[in-house]
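Input: a single structure, listed below in structure tokens.
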Amino acid sequence: MKEKLLQLAEKHGTPLFIIDHDKIRKNYRLFKRHLPKVQAYYAVKANSNQEIIKTLFNEGASFDVASYNEFMQVYEYVRHFEEKQKDFYIWDRIIFSNTIKDIPTLRKIKKYKPLITYDNRDELLKIREHCGTAGLVLRLKVPDTGSQVEMSSKFGIEIADAYNLIRESFELGMTVEGLSFHVGSQCTNFDNYSSALQITSQIFNDSRQKGYPLKIVDIGGGFPVPYDSTVPKFEKLASTINSECKRLFPKDVELIAEPGRFMVATTAILISEIIGKARRDGKIFYHINDGVYHTFSGVVYDHWIPNFHAFRQGTKEVCAVVGPTCDSFDKISVSEYLPENLKIGDYLYTHNIGAYSIASSTKFNGFDGAKILHLNN
Ligand SMILES: Cc1ncc(COP(=O)(O)O)c(C=O)c1O
């Protein structure tokens, strides 16, 4: 594998972001095999590369979008196939799951009669005024303890307020189609899912009993990626979700999910290049041609800890690996165990960098982002 990576780096230059579409298909199929009753709406925010959308669409995925641009990116792609798929129905393909949307966005998506999430009364009134054609999914606040990225401090209605908002939504002439939650990203504490499903079922069943016919339960994202051997197995989580859903919800419930990182994190490798080497306060600093403003943005925004591997052998010591910009904040890792004999022009590679990486890369200091190479697409 190392040999192939070296060849690709030589051929295409670095930084080189290599996406393996066979792995995307493998992840999608793993998800569907273990959660056969759950329709996967891939969270485009994890990596919005069009080729990824194409591969997942061909596998049968739907999509979770967060902005007008993401909405149109998916919509245009799906519409392209509309003629072949006569029964194309937008809710089957897209959920707009950003709970807060600005007014221009609502006005623009109104004509598509979208399925959208919300989590408070002001948003309800805004949606009703500017996008009255929408079907609604109410996002609940659920436990997110121990997840790599917590969500519940910013999103989700308090459970005690949920039923009243559902009733008010119907009274205002809107239709609440279902409920959603997100247990936090890279959730390794599976109790979060059990609690969230329990909470959701109470509101779901209660609403139905009182005459509000909810249909959808959206179990969000959070499905953990095996970044290391301590991460509990997805299969175990899937089995819990399956049994809890069977126990808690009526047979006709429509289950959907919004997996992001699970589909793409393991599918990409980045090859970067050492462009400078200095000893600072006794520690070797490897300056490379990619950093936290670019493909390693996940270090900042995703609380992600990357791994680095060298192609050259040598005595290892604790080194720092830093990005190319003039900002001292641009440090990817200050304690990476790497050979001390690496030279300028040597390459490093980093696994599991497919999610929340190029998605939030900037042009800071005038550096271009990594070149993207697709394999097996
Ligand atoms: C609303 C929503 N759905 C889905 C996701 C995807 O989450 P994950 O990558 O943990 O699967 C996110 C991530 O931020 C999100 O905000």
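Counting starts at 1 for both ligands and their atoms, following the listed order. It should be emphasised that the depicted structure is a prediction, and the values quoted were computed from it without experimental measurement.
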TODO: May I ask which of Arg261, Lys154, Glu258, Gln148 has a heavy atom nearer to atom 4 (C) of ligand 1 than the others do?
DONE: Glu258
Open item on the list: Run Tyr42 and Phe31 through ring pair (Phe, Tyr, Trp, His ring centres under 6.0 Å) and show every step you take.
Closed with: CA-CA 11 Å; Tyr42 168 61; Phe31 189 94; over 10 Å; no
Open item on the list: Determine whether a donor-acceptor pair (N or O, by modelled atom type, separation under 3.5 Å) exists between the side chain of Tyr356 and the backbone of His303.
Closed with: no
Open item on the list: For Tyr356, which part has a heavy atom under 4.0 Å from ligand 1: side chain, backbone, both, or neither?
Closed with: side chain
Open item on the list: Below 30° counts as parallel, above 60° as perpendicular, anything between as tilted: where do the rings of Phe57 and Tyr77 land?
Closed with: perpendicular
- [ ] Run the salt-bridge test on Glu317 and Lys283 with the 4.0 Å N-O cut-off and return the result as yes or no.
- [x] no
- [ ] Please state whether Ala46 comes within less than 4.0 angstrom of ligand 1, counting heavy atoms only.
- [x] no
Open item on the list: Pairing donors with acceptors under 3.5 angstrom, does anything connect the side chains of Tyr227 and Arg261?
Closed with: yes
- [ ] Would you mind checking if Asp122 and Lys126 are paired as a salt bridge, meaning a charged N to carboxylate O distance below 4.0 Å?
- [x] no
TODO: Decide if the gap between the ring center of Tyr75 and the ring center of Tyr112 is smaller than 6.0 angstrom.
DONE: yes
Task: Shortest protein heavy-atom distance from atom 5 (C) of ligand 1, along with the residue and atom involved - done: His182 NE2, 3.4 Å
- [ ] Could you list the atoms of ligand 1 found under 4.0 angstrom from a heavy atom of Ser185?
- [x] 8 (P), 9 (O), 10 (O)
- [ ] Using a 4.0 Å heavy-atom cut-off, say whether Asn98 meets ligand 1 through its side chain, its backbone, both or neither.
- [x] neither
TODO: Determine whether any heavy atom of Phe155 lies closer than 4.0 Å to an atom of ligand 1.
DONE: no
Task: Proximity of Tyr193 and Phe223 rings by center, below 6.0 Å - done: yes
Task: Nearest-neighbour protein heavy atom for atom 15 (C) of ligand 1, which is reported as residue plus atom name and distance - done: Lys45 NZ, 3.3 Å
Open item on the list: At less than 4.0 angstrom from any non-hydrogen atom of Asp64, what atoms of ligand 1 do you find?
Closed with: 2 (C), 3 (N), 4 (C)
Open item on the list: Would you say Asn289 and Thr14 are linked by a side-chain donor-acceptor pair, where the criterion is simply a distance under 3.5 Å?
Closed with: yes
Open item on the list: If you measure every N or O of Gly260 against every N or O of ligand 1, does any of those distances drop under 3.5 Å?
Closed with: yes
Task: For atom 1 (C) of ligand 1, the option (of Met151, Gln186, Arg139) bearing the nearest heavy atom - done: Arg139
- [ ] Number the atoms of ligand 1 from 1 as they appear, then name those within less than 4.0 Å of a heavy atom of Pro259, with their elements.
- [x] 11 (O)
Open item on the list: Using a plain distance cutoff, I'd like to know if Gly184 has any nitrogen or oxygen under 3.5 Å from a nitrogen or oxygen of ligand 1.
Closed with: no
Open item on the list: As a check for students: among Pro224, Ala43, Gly222, identify the option with a heavy atom nearest to atom 8 (P) of ligand 1.
Closed with: Gly222
Task: Lys/Arg-Asp/Glu bridge criterion (N-O < 4.0 Å) met for Glu177, Lys215 - done: yes
Open item on the list: Within the structure, is a non-hydrogen atom of Gly220 found at a distance of less than 4.0 Å from ligand 1?
Closed with: no
Open item on the list: So if I count the atoms of ligand 1 from 1 in the order they appear, which ones are less than 4.0 Å from some heavy atom of Ser97?
Closed with: 1 (C)
Open item on the list: At under 4.0 Å between heavy atoms, is it the side chain or the backbone of Met263 that contacts ligand 1, or both, or neither?
Closed with: neither
Open item on the list: Tell me whether the rings of His294 and Phe367 are parallel (<30°), tilted (30 to 60°) or perpendicular (>60°).
Closed with: perpendicular
